[in-house]
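So that the names make sense, note that chain A is the first sequence line, chain B the second, and so on, each numbered from 1. What's counted below: heavy atoms across the whole structure, side chains too, no hydrogens, waters or symmetry copies.
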Protein chains: 2
Amino acid sequence: MSNAPLAPGAVIGIIGGGQLGRMLAMAAARLGYQTIILDPAEHAPAAQMANRQIVAAYDDPQALEQLAEYCDVITYEFENVPVAAVEWLEERVPVRPGSKALKVSQDRLLEKAMAAELGAQTALFAAVSNRSELDAAITVTGLPAVLKTTRLGYDGKGQAKIVRPEDADIAFAAMRGQMAVLESFVHFESEVSVIAARGLSGEVRAYDVAENIHRNHILHTSTVPSQLGPQARTEALRIAGLIATHLEYVGVFAVEFFAVRDGDSHRLLVNEMAPRVHNSGHWTEAACTISQFDQHIRAIAGLPLGDAKRHSDCVMENLIGADIDRLPEIAAEPDVLIHLYGKAEARPGRKMGHVTRISPLTTR
Amino acid sequence: MSNAPLAPGAVIGIIGGGQLGRMLAMAAARLGYQTIILDPAEHAPAAQMANRQIVAAYDDPQALEQLAEYCDVITYEFENVPVAAVEWLEERVPVRPGSKALKVSQDRLLEKAMAAELGAQTALFAAVSNRSELDAAITVTGLPAVLKTTRLGYDGKGQAKIVRPEDADIAFAAMRGQMAVLESFVHFESEVSVIAARGLSGEVRAYDVAENIHRNHILHTSTVPSQLGPQARTEALRIAGLIATHLEYVGVFAVEFFAVRDGDSHRLLVNEMAPRVHNSGHWTEAACTISQFDQHIRAIAGLPLGDAKRHSDCVMENLIGADIDRLPEIAAEPDVLIHLYGKAEARPGRKMGHVTRISPLTTR
């Protein structure tokens with residue numbers, strides 16, 4: 001497999017056709033590439049911006065054969081793609097990032113083990129595969145703690161808090177027999193994330209740290225710069241770099257941290273990583289020359305990575321459900337970039353779009 | 001016809017499917033709208049980014065009926081759309097900008113008459129409908145002068161320079177019997193343009209003046225800020241505002257000027273106006289929160305206009321023909337936004353894409 005950059009007109013396959021795939025397809029088009037989306041839902045948000053959508057399950061053998069046949073490189077927009085499908089594709093066509101990052105990010109235990117191996121801190125944790133292991137785990141983490149399925153959790157799903165020992169039964173039942181991990185409850189001051197990219201040649205570029213506020217377990221705002229001091233900020237970028245190199249990663253990824261107050265500074269605990277462009281990086285589209293979407297396409301196409309520096313400070317806000325009705329008022333605000341996802345129905349909790357409010361760069 | 005903003009999901013028709021239509025379709029998608037492109041060429045660059053393309057001539061009655069039926073508002077990406085087609089559509093659905101601006105911009109004489117009516121300066125000019133009028137015209141403009149067809153000229157086509165009286169015959173023959181206008185040759189120091197927008201409510205927002213360099217009659221670079229002083233800059237923006245109001249314009253448009261050195265300052269002569277987003281405004285995508293494409297969609301959708309201020313200085317460079325082969329080198333430069341148009345074949349003189357190099361804002 002050559003490391004020469006994809007030529008204009010080459011075809012990029014994107015597994016998953018949600019808003020992230022949509023924004024990746026637009027970035028690919030701006031860089032002169034064609035795109036094919038694989039998504040089981042007809043008229044997926046990404047399909048409008050792609051040259052073609054294959055409507056099929058993510059592990060549909062015929063669909064995968066078509067992707068392998070037509071695409072010059074394949075990527076994915078979410079971390080719950082079946083690993084077997086990516087492994088099958090990898091033998092036929094470059095998949096960036098590959099199955100290694102996917103496996104780690106699909107399993108909270110592997111994720112935490114990787115962080116520990118790289119010398120990064122995490123919450124105290126212990127594996128829980130049966131009820132008696134949960135009691136043992138509580139002695140490791142202390143209480144309160146959070147029990148999470150090791151796989152397929154997102155936006156607060158598959159999680160149960162244990163405050164007192166007597167909550168353990170209900171929490172364990174909520175896991176429905178799935179492998180789980182108990183994590184000590186972290187009294188964090190803030191949640192922050194780093195969006196970074198690793199290119200085909202091994203170069204790593206990281207955007208500045210964003211400070212994230214969640215509402216109902218869904219990202220509400222990302223603010224850049226964060227309130228972290230220079231030391232904690234450097235540490236966050238350093239850990240992102242270690243992870244990228246460890247996974248031989250190609251593309252954009254996100255690392256989420258808990259920031260715990262520690263005297264004048266903050267201690268950072270790795271929470272999780274996402275092997276893809278990330279909601280907490282949407283601000284890059286408005287505040288940087290090279291957005292996370294352009295950066296991801298550059299990386300997987302074998303082009304040099306772009307600068308990850310920003311020209312402005314900003315606050316990104318998600319538009320959830322009926323928030324989209326505020327569109328005309330928002331459009332009247334100064335210096336706000338609006339980005340909607342073309343979803344027909346504004347259901348409660350559904351991400352309909354985001355807006356990024358820009359302000360002059362403060363050097364700090 | 002209501003002036004309420006288009007709701008997300010509404011359908012915008014775009015007449016013309018080139019790169020401008022493509023960038024408009026992306027902007028429409030970001031603002032939550034669907035798009036239908038009308039273009040006679042199959043797989044037009046805009047089609048990939050649109051929900052649908054109608055492949056038909058711009059005056060095809062069935063195609064126009066479909067546009068009128070499916071679209072909530074219609075716009076166009078080039079000024080040579082048949083006026084009759086737009087007039088037919090206007091009776092059925094809002095067309096923004098409408099036929100008034102189209103008529104003026106299709107006729108160099110009407111354009112110059114409008115500039116004069118608004119008190120703006122132009123080169124000396126005279127209408128030429130036959131050979132003897134050309135001689136009379138030369139006494140008005142002096143020599144050298146440029147003879148141009150009043151209609152359908154772009155990128156230097158339909159123009160002939162007259163340096164000495166004996167060039168007149170050849171120049172007149174080059175017009176092939178079309179109505180023409182003779183313009184005095186302007187010894188300009190620079191060519192500049194203003195991109196501005198007028199909203200449905202009448203508000204006007206203008207981007208700062210760009211200084212444009214052409215090569216082989218095709219735009220090569222646009223630089224912002226220009227070298228104009230504050231007085232000339234204000235004058236350029238003022239004239240753009242007058243034109244917008246005079247035409248009851250809705251959407252983005254461009255006014256190109258010749259800047260003639262006048263002591264410490266510059267005198268501005270209106271060269272031409274384009275009733276559409278414009279190549280010399282592509283820099284707004286990289287240096288402003290609201291690009292000219294977003295601004296045009298906001299205007300025609302009845303949303304409030306966005307700020308036209310920029311966060312960075314910049315130089316936009318067109319990639320013409322084989323320039324696209326420099327893509328990997330360009331991607332390695334710091335702080336450069338790359339935007340290609342998805343055209344399969346890089347013919348000489350063909351606009352394949354553009355890049356915008358960003359630098360920190362200088363206040364001047």
Side-chain angles (χ1 to χ4, degrees), chain A residues 4-5 7-9 22-23 25-26 29-35 43 45 47-51 286-291 294 298 301-307 309 311-312 314 324-325 327-344 346 352-353 356-358 360-361, chain B residues 4-5 7-9 22-23 25-26 29-35 43 45 47-51 286-291 294 298 301-307 309 311-312 314 324-325 327-344 346 352-353 356-358 360-361:
Chain A
R22 176 178 165 104
M23 292 186 269
M26 278 197 253
R30 279 192 300 265
L31 286 163
Y33 301 120
Q34 303 187 66
T35 46
H43 306 299
Q48 182 192 338
M49 298 290 118
N51 296 75
C288 303
T289 303
I290 307 297
S291 72
D294 277 32
R298 281 175 175 237
L303 287 167
L305 296 183
D307 279 342
K309 73 171 186 247
H311 51 65
S312 303
C314 64
I324 198 173
D325 298 338
L327 193 61
E329 301 154 46
I330 293 170
E333 293 178 33
D335 248 344
V336 58
L337 182 67
I338 299 171
H339 198 141
L340 307 185
Y341 307 147
K343 297 179 184 175
M352 303 301 293
T356 307
R357 297 176 175 91
I358 287 298
L361 192 65
Chain B
R22 176 179 165 102
M23 292 186 269
M26 278 198 252
R30 281 192 298 266
L31 286 163
Y33 301 121
Q34 303 186 66
T35 46
H43 305 299
Q48 182 192 336
M49 298 289 117
N51 296 74
C288 302
T289 304
I290 306 297
S291 73
D294 276 32
R298 280 175 175 237
L303 286 166
L305 296 182
D307 278 341
K309 73 171 186 247
H311 51 66
S312 303
C314 63
I324 199 174
D325 299 338
L327 192 63
E329 302 155 45
I330 292 171
E333 293 178 34
D335 248 343
V336 57
L337 182 67
I338 299 171
H339 198 142
L340 307 185
Y341 307 147
K343 296 179 183 175
M352 302 302 293
T356 307
R357 297 176 175 87
I358 287 298
L361 191 66

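In this structure, A:H311 and B:S312 approach most closely via the heavy-atom pair CB-OG, 3.8 Å.
The closest side-chain heavy-atom distance from B:L337 to A:D294 is below 4.5 Å. Side-chain contact between A:T356 and B:T289 is absent, with no heavy-atom pair separated by less than 4.5 Å.
Remark: A:R30 CZ to B:M23 CE distance equals 11.0 Å, nearest 0.5 Å.
The choice from B:G9, B:P45, B:P334 that makes the most heavy-atom pairs within less than 4.5 Å of chain A is B:P334. With chain A as the partner, the residue from B:A346, B:A332, B:G342 showing the most heavy-atom pairs under 4.5 Å is B:A332. Listed options B:N51, B:L327, B:I358 were ranked by heavy-atom pairs under 4.5 angstrom with chain A; first place goes to B:N51. When the candidates B:Q48, B:Q34, B:H339, B:M49 are compared by the number of heavy-atom contacts under 4.5 Å with chain A, B:Q48 comes out ahead. Residue with the most contacts toward chain A among B:R22, B:K343, B:E333: B:R22 (heavy-atom pairs, distance under 4.5 Å). Options B:D307, B:D325, B:T35 differ in how many heavy-atom pairs under 4.5 Å they form with chain A, and the most are formed by B:D307.
Only the backbone of A:A50 comes within contact range of chain B, with at least one heavy atom under 4.5 Å from a heavy atom of that chain. Contact annotation for A:L31: both backbone and side-chain heavy atoms come within less than 4.5 Å of a heavy atom of chain B. Using a 4.5 Å cut-off between heavy atoms, A:P8 contacts chain B through its side chain alone, with no backbone atom that close. Contact annotation for A:L303: only side-chain heavy atoms (C-beta onward) come within less than 4.5 Å of a heavy atom of chain B. For B:L361, no part lies near chain A; criterion is any non-hydrogen pair under 4.5 Å. Of the atoms belonging to A:A344, not a single heavy atom falls under 4.5 Å from chain B. In this structure, chain B has no heavy atom under 4.5 Å from any part of A:I330.
A search for salt bridge (Lys or Arg N to Asp or Glu O under 4.0 Å) contacts involving A:D335 returns B:K309, not counting sequence neighbours. In this view, A:Y33 satisfies the ring-ring contact (aromatic ring centres under 6.0 Å, His included) rule with no residue, not counting sequence neighbours.
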